[in-house]
Every structure is written in C-alpha cells, then in structure tokens.
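Throughout, protein chains are lettered first and strands after them, A, B, ... in sequence-line order, and every chain is numbered starting at 1.
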Amino acid sequence: MTNINELLKDLNPAQLQAVQHSPQIPLQILAGPGSGKTKVLTMRIAHLITNCYLPPWSICAVTFTNKAANEMRERLVKLIGKDNTGLIKMGTFHALCAKFLRRYAKYVGIEGNFTVCDADESKKIVAKLLKQHEEFLKDNNITMKEGSMLSMISKLKAKGLTADDALKKVAEFKKESDQERTLRHLRDQTKPDILEGKLGHVIATVYKEYEKLLRGSNSLDFDDLLLFGVKLFAQQKKASSWCQHVLVDEYQDTNTTQYELMRYIAQTSRCVTIVGDPDQSIYGWRSAEIENLANMKRDFPGTQEIYLEQNYRSTAAILAASMAIISQDKKRIQKTLNTSHPKGPNPVLRAFPIEQVEAGFIAAEIKRLVAFSGGMLNWSDFVVLLRFNALSRTIESALQKEGIPNRVLAGHKFFERLEIKDVLAYLQLVDNPAFVPAFTRVVNVPSRTVGEKTVAELLHRAEQLKISPLQVVERIVDGNIPDIKPPVKKKLGNFVGVIRDMRKFANEGMSPSKLIQALLDLIKYGEHLRKTQLDYESRWDNVQELINFAVEVENGMPVAAEKQMRDAEDAAHEELWGDDLGEWDADQVEDRSDTPLRLFLQASMLSTDTETPEDEKSKEKVTIATCHAAKGLEWAVVMIPAVVDGVFPSSRAEDVDEELRLLYVACTRAQGLLYLTHTTTRKVSGETMPQSISQFIAAVRSESKTRGTFAEDLPTLSLQERETLSKVLNGRPLPDEAEITQRVAEYQRTSRHPVWGPNAPFKDLPNAPVNGYGVPQRYPAAPVPEQHPRFPGNGRVLLPPQQQKPPQQQKPPQYHNQSRQLNPPQVPPMFIASSLVHFNDTHRSGIVRNAPQSTSSASASASAARKPPSNGLTVSTATPLTSSSGRVVNAAMTRALPTGNDLRNWIVQPGSHRGPTADESPSKGKGKAKAVEQRPRSPVKLEPSPVKLEPRPVKLEPPSAALPAVVRPKGKTSTTAVKTEPSSTPSVHPPHPQARRPTFPPIKPEPCTVFPPIKAEPYTGPDWGRPAMPIGRLPGLVKMENSSACVSGLQLHRSSPRSSPADGRPSSSGPSFPSSSSTASSSTSSPAAPSADASAKSTAVKRRLGMGRATGGYTNKKFKPMMPGGS
DNA sequence: TTACTACTTATTTTT
DNA sequence: TAAGTAGTAA
Ligand SMILES: Nc1ncnc2c1ncn2[C@@H]1O[C@H](COP(=O)(O)OP(=O)(O)OP(=O)(O)O)[C@@H](O)[C@H]1O
C-alpha cells in the first residue's frame, strides 16, 4: 500500500487543491479530457479517509459504469487497502439503489426479492400493451413502435414523473384544443411536450399499465431502481444518515432523477464532490441534464469550482485535432487545456473506397505499427471506436483475417442470448414467483406442449384469481383448483416439480453456479438445445460461461464484511444522530435480502461485458468498442472508422452537437496516435451510393486555422516519434534497433498494406490514373504526404527511418485547378482487380473500362459519371477530387465501383489469415504479380507540406482572461510532477450568482417541481477538521498497517481467476456438450474435458471472455481460415 | 393447438 | 447475423 501523501506530491497544484479542498464545501471539479479528473476523485476519497478520518463506509462514490467502479476500487486498494476499499459504498447509481432497495424494499412498497426487468422484457411488455391501443393509434394516424414508447416512458421516469403525474399532465393538456396548443407553441417558440395530444394520452396510459404489470410482477426496471431509490431516501432520512460525503464521477451525464438521488444521499452531510466535463456530455439521449451543474449550485449554496487545465494523456497534435473538432460547438464555453507532451505525429485522416478496404487498412496498419514500433506497441494498445455496434462486423473480420486477436465490448449482449435468458428466467422464477415475464418464457422450455393459447389462458386465470400464473399452475397440479381448457395438469407437473426442487436448493443455500447446474440437469437443457438449435454446441458453451460468471460473482460477494459494516454504521448512526432520525423497524428491514441467488441475478441484469476479468483482459487483444463505451478510458492508438455523414453525426441523432462531442470524446481517448477513416461510398439496399465525409471533419478541413490538423501520411515511427510515444505512454521503454529490424523484416515478408509501401494499392491514389475505384481522394489543401522513406532491399528488408523527417515547409493551400505534375502511376495494376478495370498508362484522363465480371452497379456508376450529379448524391464539396487532368470531379461521377468481394480479395488473401508471403502473389492465379514488380516506380518527389511544427507546449486556447483566481493554491512544498510547462494555475471560484467563467451555457435553474425540496437544515454533523470520533473507536476503519493482505492489491472483488475452483482449469472448458448417448444427469457433473481451443468456443463465449468473435487465427493452428466471400 | 420451416426485418448510443 | 413472424404440416 502506497502512502497517499507521497502520491499527492505527484499532482499538479490544481489537482492537489481539488484533492485537499475542504470536505464540507461542495466542490465541482470541471476539466477537460485527460486532466486527471478520475485520478483526483480517487485520491480525494483516499484523502478523506486517511487524512480527514472519514470512515470508509460513510463515503458514497458514484461512477458511471460498473467497470469504472471496479477500476476505482483497484486504484483505491493500492491507496487505502483492500478492507477499507471494500467498505466504501461504490457503484453506479443503479447498483447502489438496488443494494439499498433490497434491504429497505418494504418502505417503498415492494418486496426485497424484486427482479430487475431488463430492457428486452420491458420491450415485450410494452409491445403487448401497445397492441391493445393499436386501433386508437391507427385511427389517429400515429405510428409508434415499442422501442420508442419505452424510451418515452424512460424519459418521463428520468424526469421523475410517475405514471399518475403523466396522466394528470395529459388531463391538463386535454383542456387545450389541438389548435390552441399549436398556436401556443408557435407563439412561445416552444417544443411540444411528449405528453401532449393523442399520443400523449397513449403514452401516459401505456406507462400506467406498464407500471401496473411490473408491480404485479414484483419487478423494477432500470429507471425504477432510481425512482424507488429517490422514494426511499426522500421518505427515510435514516437511509442516508450514514453518508458523510458523496462523490460523483462523470457528473455531466447524470439525469434529473440521479441528481435527486445525489441530493438526498447528501441531505444530512451536505458534502458533495463532483467531477465532470460539459464537453463530454454524450448521454443527452438518456435524459442526462447538463443543467445539473447549475442545479447543484442552487441546492448546495457555497459550491466552489476548480478547473484542471493540464492534459496528461495525449500528444499535442491529438489534442489540437480534438480541439478543432469540439470548437465547432458554438454554444460551448471555451476552455484551456494545456499539453504535457510533444506534438507527436499528426492524426491521420484517410479515405477508402469501401468499408472492407477501410477495415483492411485498420488491420494492416495495426500490424505495421506493432512491427515498426519494435513491439513497443502491442495489441492491447489499440482500440477501434465505433459509432454503433453493428459497425464492428467488418472490423472484426478484417482483424481476424490478419490474425489479430481482438475483443468486442458489446454491452449487455451476452445476457440477451436466448439460452442465457432461459436459464436466468428459471432462476428468476425461483427467486421471485411473481415475475410473469420469466414464467411465460420458460413454462414451455423444454417443450411441454404448452403453447401460446394455453399460456394466455393461464395468465387470464391468474388475473381472475389475483395470483401469479406460477401459483395457478401449482394449484392446478396440486389439484386445488380445476384444470383449464387446454388441460395442463399432466403437462406441467414436471415443471412445478422443477421449480420446487430448485426452490428447495436455493433455500438450502446452494450457490448460483450449482443451482444452474442442477437446473440444467432437471430440465435436460442440453438435450433441449440440441433438439431446437442448430448451433447448440456454441449455445451450450454460453451456458457454461454463465456458470463461470456465477462463480465470479460468488467470489466477489461480500461475506462477513457486510455484517461488520452494518454494525459499524449502526454504531455511528447512534453516535451521530442518537434517536433523532428514528430506528429502523425490524419487521420492515430485510436482513437476508442479499441472497447469493439474488445477487447473482442482479449482477446479470446490471453488468455489461465491458467488465471482463483482469486475466482475460490482460491477454493482448485489440479492443473494438463503441465511442460511448470508451468514455473515461484511454489507449495508445485510437482508430475511428466510418467518420462519414450519417454515422458522425448519426442520421438518427436528435442533437447534432452531442454527436460532435461524441467524436471529441473518441478522439481524446488517444495517447499517441489517432486515425480517422472514412469511405467514399456506401451500400444502400444493394445500391452503391456516394458517401460524404463527416461534416465535423469537413469543417475542420475547410477552416484555414485547423486545416493542417489531420494528415494523410502515416506515422513513420521514426526515432523521434517513438520517443514521443514512449513519453505519452508513461515512459514505456524504447525498443532496441535489432528488435525493430527483425520485426519489420518479418512484417515485410508476411504482410500487405493498402496504403503503406511502394506497391500499396490504395496509396496516394489521387496522383494515380483513374483506376475505376471510388479512390481515396486528396483533400483540398491537405498536407501532401511525404514520400515514405525508401528502404534498401527493394521492399524486402525494410527499416523504419532513423533520421528525423526533413524539415517541412509551409505549402499554400492547394485547390483544384492547379495543373500539377503528375507522377507516373504508383498503383500497380495488380491491385486493380484485373477483372474490373484497366488503366492506361499513357492516357490518364480517367477512362473506365468495364471488365467481364464488372457488376451492373459498376457500369451504372461509370455511365453516371458522364451525367451531372443529381439529387443530392454528390460527394461533399469539402472533398473534391482532383482528377489526373486537373478537373474537379466527383468520386461518384468518375469511378466505377468494385464489388465488395473483388476488393476484399486485394486486401487480404482470402483463406489466409497471416497474409500472403512474398511468394504468394496477391493476385493469385491472375498472373499479374510479376508485372507489378517490374513496373517502374514513381520518382521520389518531396512536396512541401503545410504542416507547421509548433513549439511546445501548445497552448490550444488562450486562457480566459476573466479567470479570477480567487483562491490560490496552498503553498506547495515539493516540486510538482508536471513535467512540462505551463503549470496550470488552480482557479477556485467562490459561488457567484453570475459566475464570470461559467463552464456551461447560462441556465436558469428551474424550480424542482417533481421532488419536494429538501429543507436546508443547520449543519449539526461532526467538525471535519478533526476526526469525527476518536480514531480508535471508528467502527469501520481498518488499520492500514495491515497491508499484507493487499500487497498486490489486485485481487479484489471481481478479479477472481476464471477457473473452476475444483481443478483449476478454466471451467468454461468444463462439461462439453452432452452427447446423445450420455445421460443428461451426468452431463453437467462429468469431469471437465480438456480445454478446447479458443477458436472452438462459441461466438458469445468469446464475446463474454473478451475474445472477440473469432480470434483463433492468431495462436491457434487449428484455425480455419474464412472461405473466400464467406462470412 | 403445437411444432417446424422459410422468410422478414431491424440494428445508435446504455444502466 | 440472429431473432421474430408467418405459413403449413402433424
Ligand atoms: N499529475 C499527473 N501527472 C502525471 N500523469 C497524470 C497526472 N494526472 C493524471 N495523469 C494521467 O493522465 C491520464 C488521464 O487521467 P484521468 O483518466 O484521471 O483523466 P480524466 O480527466 O478522468 O479523463 P477523462 O475526462 O477523459 O475521463 C491518466 O493516465 C493519468 O494517470
């Protein structure tokens, strides 16, 4: 365990100021990306415990994701030890609420065994309800899908509106005629409320019915967790009396209900610290309210702000590019963000004809960077950030083809699979017999010949008798009530038996993992899968993986600590409040609400597969994730494909600025290298359409000041660049030259690259003759890529350049129309699929000749080329092409488009996952490779580049002059760790009605109408300057000398090894799929089979294991390469 | 009434 | 790509 006060010395003055800020003065730490916000928050927690003597259990730390919570725990273990860390109330708002609601459920009118209803089930419920309103909707010409209905309900809940509130509002609105309302909106320039009009009526009604169904099922959805949490803390002050400090990370993304939660949890201590960055608010679609910053100032008078202005994460070039992007948000308040690192390579911006080539580039470039960095970069240093998950397909297969191990973070996907849901539904039903969605899911799994009609009848009967459908079945089977129309008594006897057996096991305290195994045996689930699913083997693997997950949860469960903590809390409560707040009623408090089964089910509902256990994560893998999931994380190299209109911003986006911020968040994840790529075409229902670059990037390119932020040329990883990389990667050791030489040689021998190297097919295409592709295009005034240094050995033995780049000069912005000297073709014809197009060396005016197999779309495009562009299909004017004859042309106009398959063939040899060797001609069987080798190379031509090397530090924006540094940092004795200038001056602002330097657009705080205001009461708590209690008597504070238990500090909570406790072997390799000969009962208890190859694991297992979709190609010899054209 | 096969359709972002 | 849906045989 490290002494926290030693570590404090590494902070810069502003950071230190934030950490040591007086606990009782509410604090907002507002700072840009990479400024150490999370680090400061973590240190502040440690400081509060170590130096301010707050007991750990009195601290509430709220993170945005479970993963963030786990990471913070890991960091804290090193600072304050495992035991103390375990006592801190840390987690997402949802997880924290669930925890309290289990215990105090009765106080808010629910049962402690409530089931968390996931979005899928909610959707089904809403869909059913919507059907009942089908006609009304049709009559009123309203189309409403369950998805949007659910998000409407969610929006209402996020604002704290109950169904009754919504109905009341609808009634209010009904007093006004449609016309009056329209007029009012016109007059006041207001947007219609979602509860207005006929639709509002339906929404409120469905909301009400939905709530009724959930309550009837003893179930809470995600939003309910928060709403009932608020209810609990609002009604029961003693539920939050333990809390002496609330800290909230990613505050800019909290919604109204979450804010209310924070307010209530902090109601007794009034001690709050939040960190956030308005520029990184990307959850507006989930009702996040940036106004919460203002609300906090309103409700916590005396709130002070501290700004952190030093970025420690990224190179200056990356930061400059990020600033160029975010600056387009005109409503944004300008902020200072200083770099701590050298400029580094320019972020790369590249265009590609189609998605597959783009993905191929990403894969090839990752490989190249690993080689050219001499292994300084490894797979886990790379992330591909996507706007949405569906984009991962192409990337995954490209990485797979190159044999690059990868993992896809796809949120909750694993738990959405049918085999997982089946098993969970059984367990849910065992834990909560009233949970109807689980009942309907599993009554007929495996088939008991109980179909739709029968189930409907059971539900109907349940409603009549006011009991749960499970109870109906039980009573029928027991003979207590008559059977229903399609008789069921015989068919469901076994079902009831299963549930009862399981119930018994659970009550006897059987662990969730064992319960699952028992269930699998009881219902012969393996057999059922084999009968019903084609891919039963992979599904069975998934079930096994669920067992592993259960074991993981079991290992992370609090054992005795929980009881100990409660005793400590009670003692403290007594000490602090005496009888003032009243006692808990023993009848109402559920002491045994945290059963292992319940905790497991809850973890299944609340966790995402982002939280891959440490041992799996540490296996080197490229990460593929959405930009949203990347929040708060960092990687050495970030690649963002599909930076096109319709994706960034999404064509469905309601708030374009939020999309801009999302791109900003994605870019600022990068430490050393950043790549944005885009395609020039896209497929729309089989038709190839031109695709324009993201408006956000087009704007950066058209602005003279920011024009040079992105470059087309790839980083050479010169010594200087490697040194910069080493620096941003916290001093990672530089590779030695021999290593580089060897790796580069190996790379050259085995790999191909669409852009890099003399024969690269998609290299510098604008200079090449028109070749029939929607080619990568030269951007106006883009820095001209300098010639890649040539290496000896004619493309065989390549070494990265040791010298620095030649000095680069400013080049005047170059637009079309300039007759430029054209280089001889640099694109060898071998890469232009011979079947598609030929280009003519001497005649460079862009003749497109369709080859035999050319698709109709290719010829269509070719002929379209002669027509003027029409109906909005033009490529963005920001990216005109300079044709070889110097005209400005449109990509779509001039290029015949290849089919995906044709192009794919040129990126990676189909069927080869390691790339072609030198001998394997890229155009296998086409006999063109030799010709390529003999083709004369283009003369080396160094063109001036407009890239200006700025002196560092790069001050990206002038510091606000209006910055009144009212509170100076306390005298700092040691020198700061701020490596480079300029050290940021902490700026602490006193509360001021019109803060002179607001960090968000001025917002008039709205009176909170939904929740009753908390009475501001005189503070009666302990004096924070001194220990609240004599240290020796502090109940929960574990002595810190006892550090042996946390030396490594890493085996906390969820980091349990992923192996079965019994044999130590990975338990995912446990029971193989029960063969038809083996009896079902022996299937799950049979000894573990030898571990299968990673590639043998099912897709979903790999996903949950963070192995990506199919990564076997990397290490696994059994890996079967993809068939050409297959997917 | 249920079970099976073939076709359709939806995929922004997440707790 | 995988889940839901419609249509048909048993
Ligand atoms: N004083 C410091 N000296 C050196 N490195 C620091 C310092 N403060 C923070 N860092 C490093 O900067 C990086 C970013 O820190 P952190 O993730 O806490 O930033 P953040 O402000 O939370 O970023 P974001 O807003 O993007 O989530 C981390 O790698 C961290 O170790």
For this session: Take the protein atom CD of A/E396 and the nucleotide atom P of C/dA2, then report the distance between them rounded to whole Å.
Result: 11 Å
Exercise. Given C/dT1, B/dT14, B/dA3, which nucleotide is nearest the side-chain atoms of A/R393?
Worked result: C/dT1
Problem set entry | Rounded distance (Å) that lies between atom C1' of B/dT14 and atom CG of A/L662 | 13 Å
Seminar exercise, completed: Assert: residue with more 5' nearest nucleotide on DNA chain B, out of A/A95 and A/K123, is A/K123
Exercise. Given atom CG of A/L391 and atom P of B/dT13, what is their separation to the nearest angstrom?
Worked result: 9 Å
Problem set entry | Under-4.0 Å side-chain N/O to phosphate OP1/OP2 contact, A/N389 with B/dT13 | yes
Could you give the side-chain donor-acceptor pairs of residues 482-489 of chain A under 3.5 Å, partners two or more places apart or in another chain?
from   : atom 1 : to     : atom 2 : distance (Å)
A/D483 : OD1    : A/V488 : N      : 3.0
A/D483 : OD2    : A/V488 : N      : 3.1
A/D483 : OD2    : A/K489 : N      : 3.0

Seminar exercise, completed: Sorted by chain and number, sequence neighbours left out, salt bridge (Lys or Arg N to Asp or Glu O under 4.0 Å) with A/E355 holds for none
Problem set entry | Closest nucleotide among B/dA3, B/dT13, B/dT14 to the A/S447 side chain | B/dA3
Seminar exercise, completed: A/L227 CG to B/dT15 P, in whole Å, measures 18 Å
Problem set entry | Between NZ on residue A/K157 and CG on residue A/D221, distance to nearest 0.5 Å | 3.0 Å
Exercise. Closest to the A/T454 side chain: C/dT1, B/dT11, B/dT2?
Worked result: B/dT2
Problem set entry | A/E146: salt bridge (Lys or Arg N to Asp or Glu O under 4.0 Å) partners, not counting sequence neighbours | none
Problem set entry | A/N255 side chain near B/dT15 phosphate (N/O to OP1/OP2, under 4.0 Å) | no
For this session: Using a heavy-atom cut-off of under 4.0 Å over every strand shown, decide if A/F93 touches base, sugar-phosphate, or nothing.
Result: nothing
So which protein nitrogen or oxygen atoms get under 3.5 Å of nucleotides 3-10 of chain C's nitrogens or oxygens?
from  : atom 1 : to     : atom 2 : distance (Å)
C/dA3 : OP2    : A/R539 : NH2    : 2.9

Seminar exercise, completed: Picking from B/dT2, B/dT15, B/dT13, the nucleotide nearest the side-chain atoms of A/T65 would be B/dT15
Problem set entry | B/dT13 OP1/OP2 closer than 4.0 Å to side-chain N/O of A/S650 | no
Exercise. Looking at B/dT1, B/dA3, B/dT13, which one has an atom nearest to any side-chain atom of A/T626?
Worked result: B/dT13
Problem set entry | With sequence neighbours excluded, residues passing ring-ring contact (aromatic ring centres under 6.0 Å, His included) with A/F100 | A/F233, A/W242
Exercise. Contact class for A/V450 (heavy atom, under 4.0 Å): base, sugar-phosphate, or nothing?
Worked result: sugar-phosphate
Exercise. With a non-hydrogen cut-off below 4.0 angstrom, is A/D223 in contact with a base, only sugar-phosphate, or nothing?
Worked result: nothing
Exercise. Expressed in angstrom and rounded to an integer, what is the separation of A/W285 atom CH2 from B/dT15 atom P?
Worked result: 8 Å
Exercise. At under 4.0 Å between heavy atoms, what does A/E658 touch on the DNA or RNA strands: base, sugar-phosphate, or nothing?
Worked result: nothing
For this session: Take atom NZ of A/K155 and atom P of B/dT15, then tell me their distance rounded to the nearest Å.
Result: 18 Å
Exercise. Side chain to side chain donor-acceptor pair (under 3.5 Å) with A/Q602: which residues, sequence neighbours excluded?
Worked result: A/R102
Exercise. From the list B/dA3, B/dT15, B/dT11, which nucleotide is the closest neighbour of the side chain of A/T449?
Worked result: B/dA3
Exercise. Is it true that A/R661 and A/E658 make a salt bridge, defined as a side-chain N closer than 4.0 Å to a carboxylate O?
Worked result: yes
Problem set entry | Length of the line joining A/R661:CZ and B/dT13:C1', which is rounded to integer Å | 13 Å
For this session: Return the 5'-most residue of the pair A/A653, A/K531 with respect to DNA chain B, ranking by each residue's nearest nucleotide.
Result: A/K531
Exercise. Cation over ring, A/K631 on A/F64, under 6.0 Å and within 45°?
Worked result: yes
For this session: For A/F64 and B/dT13, give me the distance from atom CZ to atom P, rounded to whole Å.
Result: 14 Å
